[in-house]
Each structure stands twice: as structure tokens, then as C-alpha cells.
Amino acid sequence: MTDSIPSLDVILNCCQRSSVGKLLPNAFYVHTCALTSLDPILQEYERRGRVTEITQKATLVKFSLDKPNISYLFYPDFDQDPHPSLTLSIVVDLNTLDYKEWNYQASDNPPILHRKETFVTPDYPLYPEFAHLTRLEVTLGLLEQSRMIGTRQEWEYRLKRLGIALLGHYLVCPLNLQYNRSVIIDRHKAAIFRKSLSRPVRLALESGLFSEHTTFFDYGCGYGGDIEHISQQGYQSSGWDPYYCSNSNCLPADVVNIGYVINVIEDSKERREALIKAWELTQRVLIVSAQVLINDSNQGLVAYGDGIITRRNTFQKYYEQEELKVYIDQVLNVDSIPVALGIYFVFRDLTQAEAFRLSRFRSRATTPKVKILLKRFEDYEDLLKPLMNFYTERGRLPVSGELENELELKAEFGGFKRAFQVISQVTQPEDWEIISEKRRQDLLLYFALSKFSDRPQAKDLDLIRKEDIKALFGGYQQLCLMADLMLASLRDLKKLSDLCTAISIGKKFKNSLIIHISALETLPTLLRLYEGCASETIGRLEKANIIKLSFRQAKITYLYYPDFDLNPHPTLQTSMEIDLKSLQVRYRDYYDDENPPILHEKDCLVSPDYPNYEKFAKLTQQERDWGLLDDLKAISHQKEWLNCLESHCAMIKNYKLYWRKDADSYQLRLLKSQINQRKKKPIKDNHVQRENLD
């Protein structure tokens with residue numbers, strides 16, 4: 001080397017003073033993303049070691065403190081694996097610039113990492129997860145005698161000996177492992193005070209499961225919040241809890257709730273008995289809810305039984321969403337219906353279950369307006385209205401016994417067809433054809449999705465459903481064949497991509513389409529089916545108002561923007577991504593994010609009949625005219641958008657752009673000139689620049 005390198009004493013001193021990195025007696029380790037946080041002397045020292053291009057892909061850099069060596073260590077799964085394995089090591093002699101490689105890819109027992117947070121800076125995205133896991137491992141004594149756990153096999157042996165396993169960056173116990181450690185669980189501490197209805201009971205109320213004389217029972221009611229709130233709604237309600245309400249009787253009821261109970265019972269046998277007992281009390285529908293596994297790093301968890309113990313010494317059995325359904329179905333011998341993440345409805349009557357499933361996929365339809373006034377129609381309008389409403393609801397004419405005023409109608413017109421001819425004379429026939437097609441597609445969608453559960457057999461259908469199928473499809477077999485063919489076509493992601501590109505609604509990106517949830521039913525049936533595979537299997541994110549359909553990979557993402565209607569550019573609060581191949585759920589909360597993603601061009605996400613469509617569209621056009629949307633990627637987050645507004649001397653008030661009063665007059669003239677020039681140019685399609693926003 002022509003240039004001298006710092007002495008080892010200088011390097012040691014710099015490493016000891018560093019606020020980032022892991023310092024050992026003979027070495028100092030740091031993640032490559034944190035190199036810029038090091039002393040400039042260390043940065044320059046490390047740059048001398050990059051004698052081969054492959055070092056650019058290293059994960060960690062090791063500074064040897066007893067010889068002038070730099071090592072580049074490769075851990076490809078650093079983010080995903082809580083204790084990633086070393087696959088390659090390159091050691092560079094800084095005196096000669098010679099280097100040697102050691103490859104561990106074929107090793108049965110490679111070196112692994114612990115305490116990952118020590119290698120990165122606190123602003124690293126996964127730093128809280130890494131630090132949380134390390135705290136738990138230290139508490140349980142897993143990291144004692146660190147020299148004994150430096151390789152994969154040694155680490156796995158220690159975990160096995162202590163009866164502990166890892167699920168992502170959480171510590172849990174294998175489900176098939178008998179855990180004999182004696183721990184007293186404070187189950188009652190899992191109960192919480194409720195100022196409003198719990199989410200499962202509120203969803204049941206919103207789904208129309210309560211009618212005038214419905215009775216309600218809360219099994220494991222805790223402090224009794226749901227009982228009180230349901231009673232205030234005018235329904236007879238009661239409940240039982242082993243700690244807070246143990247003297248109450250367990251009474252049969254139309255609607256029974258076992259809310260977040262089975263996940264706080266540490267004994268698997270007792271957990272099963274609780275679920276069965278709640279089902280025995282159920283006369284119409286059972287609401288089952290439990291905690292499910294999501295990517296959430298904010299909870300303190302310690303291994304116990306087949307679940308985890310929280311900081312409050314309460315037990316939590318965290319299920320995968322699909323695992324929870326399988327558990328309910330196996331214990332009760334039913335086909336439970338997912339309503340939301342961790343929430344299922346179980347119906348006593350299969351016909352009611354089918355009606356509920358189908359109701360979730362019925363698109364909106366309004367009775368066609370009367371266009372022409374005819375005396376014959378005016379004279380019998382009240383008599384014909386029930387027939388019009390029936391056709392709007394079913395997409396077909398009724399058969400004998402289905403219409404309340406059938407006798408009066410037939411006495412006057414002779415039959416349903418003749419009566420409907422009068423209706424057709426004063427309305428547009430194509431409007432009724434559109435309604436029939438909507439109901440046909442609704443049924444097709446439902447039967448396609450029923451393939452994932454227990455598709456109803458022809459003999460089990462109620463009479464009204466049989467008549468629907470006969471009128472709209474010709475027969476049961478024909479409907480099933482069409483449904484199966486449509487379901488099979490979901491494998492063709494290119495077809496989904498073409499559909500997303502062709503439709504007029506939604507924001508289109510290179511690999512996805514996003515729409516407002518209100519516009520879902522306007523999509524082609526195949527795209528509705530695609531989304532239904534997620535909502536029927538896993539359930540939608542609560543309050544989700546934006547849906548992202550990905551077609552490069554089979555994924556559906558639900559997004560929640562709390563102020564969608566009020567805020568011209570609302571911020572993202574939560575997202576839930578569902579991988580349709582693995583059924584894994586990935587959840588992210590942006591509530592405390594200093595720079596969350598935001599929405600632009602809201603008019604593209606909704607249909608033209610959306611209440612605020614015109615207001616959205618006018619603002620979007622004005623923002624385009626002012627050049628604010630020229631680079632959508634650059635303004636995808638809140639801070640960058642606010643900077644964009646400031647640089648354009650703009651402010652938004654009541655969905656309208658205004659010039660800032662403190663704007664420089666010369667800059668204003670320049671900006672106004674640019675706006676005038678832009679208005680003279682033809683409008684370009686923003687689709688190209690959106691491609692990079694996926």
C-alpha cells in the first residue's frame with residue numbers, strides 16, 4: 001500500500017467511542033447501513049477494504065482490533081430471521097489488500113446472530129422488533145454463556161431444552177409440546193372496561209343479526225360492558241363470567257357471544273369446553289372471536305403453554321386466522337363464517353348461514369324510475385309497486401306464492417307477466433335487464449366463493465333460491481359449472497391485470513389497482529371474486545375504506561384512511577395485506593408515523609355517483625393545472641406533499657387551492673405563467689408515472 005493506515009490503537013479508540021455497533025474484546029461489528037454513522041476515520045478505514053465488488057452486498061462489517069483486517073459478513077435473511085445464518089465471509093488484509101473467502105451455504109451448523117439491534121441505528125425500521133426480542137431472551141436467560149449458542153445447532157438445542165420456539169420475532173411454545181412449568185395465570189386481568197360495544201358484537205348488530213325480540217347472552221362477559229350496551233339497545237341480555245359474574249345462570253339465547261375468551265384460557269381442554277358450552281347455549285348464532293397473529297411489534301410477550309404470557313401475567317393464545325377457523329369448525333363440527341380478523345359467526349340454521357353469506361355479495365340496485373306516464377299504470381301503481389320491488393330484489397318475476405298481493409294482481413292483470421308488461425311500458429327495459437344481470441353475477445360470485453367452504457347442494461336450497469337459480473341460470477349444475485370456471489380463471493394474473501387496466505374506475509399502477517370500498521361492486525365479477533377470496537377467508541380490516549388489488553402477486557391489501565371524506569389528502573392509519581397463497585396476514589399501523597403515506601386524486605377511487613365525487617374531481621383538476629401532481633412519487637408522503645404546496649405558494653381550503661398571502665410576488669407571476677402554459681398543452685395520462693408508485 002502507498003498510503004499508511006491508522007494504527008490499531010486509533011481504530012480501537014474510535015470503535016470504543018462509537019454509539020452504534022457491537023463491540024467485543026477483539027472485534028467491532030456494524031451493519032452496512034450504519035457505516036455513515038461511524039467516525040470518519042473508521043469510514044475511510046473500511047473503504048480501503050472494498051477490494052472486490054461483492055463486498056457491496058455484505059450485511060455486516062467486522063473491524064478486527066488485534067490485526068489490520070476488515071471482514072465482510074453476509075446474512076441474507078437479516079431482517080426476516082430473528083437469528084440469521086452466516087452464508088459468506090470475506091476477510092481483507094489492509095496491509096496487502098489480499099482477501100480470503102469462507103462459504104457457509106452448505107454448512108449444517110453455520111454461525112448465527114443474536115442481539116441484532118446492536119448492529120443498527122435506532123431509526124432502523126425493525127429496530128424496535130429486534131430490541132424487544134433481545135429483552136425477552138435476556139429475561140429468560142437464553143443469551144447466557146453466549147459462546148455456547150454461536151451456531152445454529154447449539155442455539156436450537158438450547159431452545160428445545162427450555163421448551164421454547166420462535167414465531168417470527170416472538171417467543172412462543174410449540175403447540176405439540178407438553179409444558180410442565182408451574183405458572184399461575186391471572187385470567188381476570190384480561191378483562192377490560194368497555195365504553196362502547198365490543199367489535200364482534202357491534203359487527204353482529206350491524207349485520208342485522210338482532211331483530212325485535214332477539215335475546216343475547218355473553219359467555220365470559222368480564223365487566224359486562226356488552227351486556228349493558230345491548231340492553232340499552234332494547235334487547236334482553238345477560239351473561240356469565242367465572243370471576244366477575246360467577247353467580248349468574250348460563251341461559252340459552254338467540255345470539256351468544258364468546259368474545260376473546262378462548263385465547264385467554266391456558267388449559268387446552270378447558271378452552272375446548274368453553275367453546276362447546278357457548279355453542280350449547282346458542283339458539284340462532286354464536287359470535288366467536290380471538291386474538292390472531294399479525295406483524296405487530298408493540299406487545300411484550302413471554303412463552304407459556306401453547307400460547308404466550310403478557311406483561312400483565314395474562315395468557316394469550318394467538319391464532320393464525322385460518323387456524324382459528326379450523327379450530328372452531330373442528331370443535332363444533334360447523335362451517336364458521338369469517339366476518340373480520342379474528343371474528344367468526346356460527347349459525348344454527350344452514351339456510352340462515354347461506355342467506356347471510358349471500359347478503360354480503362348483493363350489489364345495490366334501485367327500482368327503475370317511471371319515464372312515461374300512462375293512465376293504466378297510474379291507476380294501478382300501488383298494486384304494481386310490490387312486483388317492481390320484488391324484481392329489483394330478485395332480478396326475476398315471482399312464482400306462485402312469493403308475492404303478498406298475488407291474488408289481487410292476478411285478478412286485475414291475469415298473471416305476473418302481463419302485469420310486468422304494463423311496468424315495462426313506463427320504464428326502460430334495459431334497466432330491468434341490468435338488475436337481472438346484477439343478481440346473476442351476485443349468485444355466480446357467491447357460488448364461486450362457496451367452493452372454499454361447504455357449497456350448498458341443490459336439495460338443501462330454500463325454494464326462493466331454487467327459483468333464482470332456475471330463472472337466472474337455467475339450473476343448479478349450470479351455475480356450479482360457471483362458478484368453477486370463473487374460480488379457475490383466477491390463476492391467470494395476466495387476465496386480472498388486463499381487467500384492471502381496462503376498467504374506468506380506480507387508480508392504476510404497474511402491479512396493482514386501488515379503489516374505494518364503495519366502488520367494489522362496480523368491478524367486473526372476476527375482480528370481485530379475487531377480493532372475495534381474501535374477505536371470505538380472512539375477513540377485511542375493520543373500517544377499511546381503500547382496497548388494493550395486486551396482480552403481480554396474489555395479494556389483497558386493505559387500507560384505512562380515517563378522514564377520507566373530510567381531508568383532501570388523508571393520511572394512511574392502518575393497512576392489512578393478505579397473501580392469498582400462504583394466507584399470511586401482514587398488519588401495519590401508521591398512527592404514530594411522522595411522515596405517513598397520503599392519498600391524491602381521490603376522484604379516481606370512487607364512482608361518479610359517490611356523494612363527494614364532484615368536489616374531489618374539481619380539486620384534482622386544479623392541482624394538475626397548478627403542476628402539483630407532476631411527480632406523484634415525490635409527493636406520496638405527507639411531509640413531501642406539504643413541501644410541494646409550500647414551494648408552489650399554495651394552500652388548500654375547503655377543497656380549493658388558494659395562493660398563500662405571504663407568497664413572493666415575482667414567484668407568483670412565474671407560477672401563474674406556468675399554469676397558463678400548462679392549460680394550453682394537451683393533458684397527459686398520469687398512468688406512466690404511477691407505475692413506479694406500486
Side-chain angles (χ1 to χ4, degrees), residues 334-335 337 347 349-365 367-368 386-404 406 409-410 413-421 423-424 429-492 495-496 499 520-533 535-537:
V334 296
D335 181 21
I337 301 174
F347 287 84
D349 185 271
L350 296 180
T351 302
Q352 290 183 358
E354 181 205 344
F356 175 77
R357 290 180 191 272
L358 185 56
S359 69
R360 303 174 76 195
F361 298 101
R362 288 185 69 79
S363 50
R364 290 169 295 173
T367 302
L387 179 59
M388 297 172 72
N389 293 336
F390 184 92
Y391 200 108
T392 303
E393 178 70 16
R394 314 304 316 172
R396 62 173 175 85
L397 291 175
V399 297
S400 181
E402 288 187 323
L403 207 62
E404 290 184 2
E406 177 180 348
L409 204 66
K410 286 184 175 180
F413 296 97
F416 294 132
K417 287 185 178 179
R418 289 187 178 180
F420 196 73
Q421 287 175 358
I423 295 171
S424 298
E430 54 267 28
D431 290 344
W432 297 105
E433 292 172 6
I434 290 172
I435 290 174
S436 291
E437 184 58 27
K438 278 189 174 185
R439 297 297 170 242
R440 188 177 293 111
Q441 295 302 318
D442 290 344
L443 263 179
L444 187 61
L445 176 61
Y446 167 65
F447 267 78
L449 287 170
S450 68
K451 192 79 171 179
F452 295 119
S453 52
D454 291 332
R455 176 178 288 175
Q457 299 297 311
K459 61 182 178 62
D460 298 325
L461 295 170
D462 59 20
L463 293 177
I464 195 168
R465 201 78 62 222
K466 288 180 179 178
E467 292 298 335
D468 288 346
I469 294 172
K470 181 180 178 181
L472 299 174
F473 290 93
Y476 177 84
Q477 295 300 330
Q478 180 69 10
L479 169 58
C480 291
L481 177 61
M482 293 177 65
D484 290 343
L485 288 174
M486 187 171 66
L487 194 60
S489 65
L490 283 180
R491 301 190 188 100
D492 188 354
K495 188 172 184 178
L496 296 178
L499 276 175
L520 180 62
E521 65 178 49
T522 67
L523 296 182
T525 308
L526 187 62
L527 294 181
R528 291 175 64 196
L529 175 62
Y530 186 43
E531 186 278 334
C533 290
S535 61
E536 276 298 281
T537 307

What do you reckon, is NZ of Lys438 surrounded by more than 12 foreign heavy atoms closer than 6.0 Å? yes

Heavy-atom count around Leu350 CG within 6.0 Å, excluding the residue itself: above 12? no

To the nearest 0.5 angstrom, please state how far the [atom1] atom of [X] sits from the [atom2] atom of [Y].
X      : Y      : atom1 : atom2 : answer
Leu409 : Phe416 : CG    : CZ    : 6.5 Å
Leu444 : Phe361 : CG    : CZ    : 12.0 Å
Ser450 : Leu487 : OG    : CG    : 9.0 Å
Lys417 : Leu387 : NZ    : CG    : 13.0 Å
Arg439 : Leu358 : CZ    : CG    : 9.0 Å
Phe413 : Gln421 : CZ    : CD    : 10.5 Å

Side chain to side chain contact (heavy atoms under 4.5 Å, CB included) partners for [X], two or more places apart:
X      : result
Pro524 : Leu499, Ile503, Leu527
Glu430 : Gln428, Glu433
Asn389 : Thr367
Thr525 : Gln441, Leu445, Met486

Passes side-chain contact (heavy atoms from CB on, under 4.5 Å), Arg465 versus Arg394? Steps please. CA-CA 9 Å; Arg465 201 78 62 222; Arg394 314 304 316 172; 2.9 Å; yes

With side-chain contact (heavy atoms from CB on, under 4.5 Å) as the criterion, how do Asp492 and Leu496 come out once you've worked through the C-alpha distance, each side chain's angles and the decisive distance to 0.1 Å? CA-CA 7 Å; Asp492 188 354; Leu496 296 178; over 6 Å; no

Test side chain to side chain donor-acceptor pair (under 3.5 Å) applied to Ser436 - qualifying residues, sequence neighbours left out: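 Here the qualifying residues are Tyr391.
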
Please output the side-chain donor-acceptor pairs of residues 471-479 that fall under 3.5 Å, not counting sequence neighbours, one pair per line with the distance.
unit_1, atom_1, unit_2, atom_2, d
Tyr476, OH, Pro456, O, 2.6

Going by the rule salt bridge (Lys or Arg N to Asp or Glu O under 4.0 Å), which residues pair with [X] if we only count those two or more places apart in sequence or in a different chain?
X      : answer
Arg364 : Glu521
Arg396 : Glu402, Asp468
Glu467 : none
Arg455 : Asp484

How close do [X] and [Y] get, counting heavy atoms only, and between which atoms?
X      : Y      : result
Ile435 : Pro368 : CD1-CD, 3.7 Å
Leu403 : Pro398 : CD2-CG, 4.3 Å
Arg362 : Asp442 : CA-OD2, 3.5 Å
Leu449 : Cys533 : CD2-N, 3.7 Å
Glu406 : Gly401 : OE1-N, 2.6 Å

Is there a donor-acceptor contact under 3.5 Å from the side chain of Arg360 to the main chain of Glu536? no

Presence of salt bridge, Arg440 and Glu437, under 4.0 angstrom: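 Arg440 and Glu437: salt-bridged.
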
Just do the side-chain contact (heavy atoms from CB on, under 4.5 Å) check on Met482 and Phe447 with the steps written out, would you? CA-CA 9 Å; Met482 293 177 65; Phe447 267 78; over 6 Å; no

With sequence neighbours excluded, what pairs up with Phe356 under the ring pair (Phe, Tyr, Trp, His ring centres under 6.0 Å) test? Phe345, Phe347

Ring pair (Phe, Tyr, Trp, His ring centres under 6.0 Å) with Phe390: which residues, sequence neighbours excluded? none

Arg357 side chain near Asp335 side chain, heavy-atom distance below 4.5 Å: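 Counting from C-beta outward, Arg357 and Asp335 do come under 4.5 Å.
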
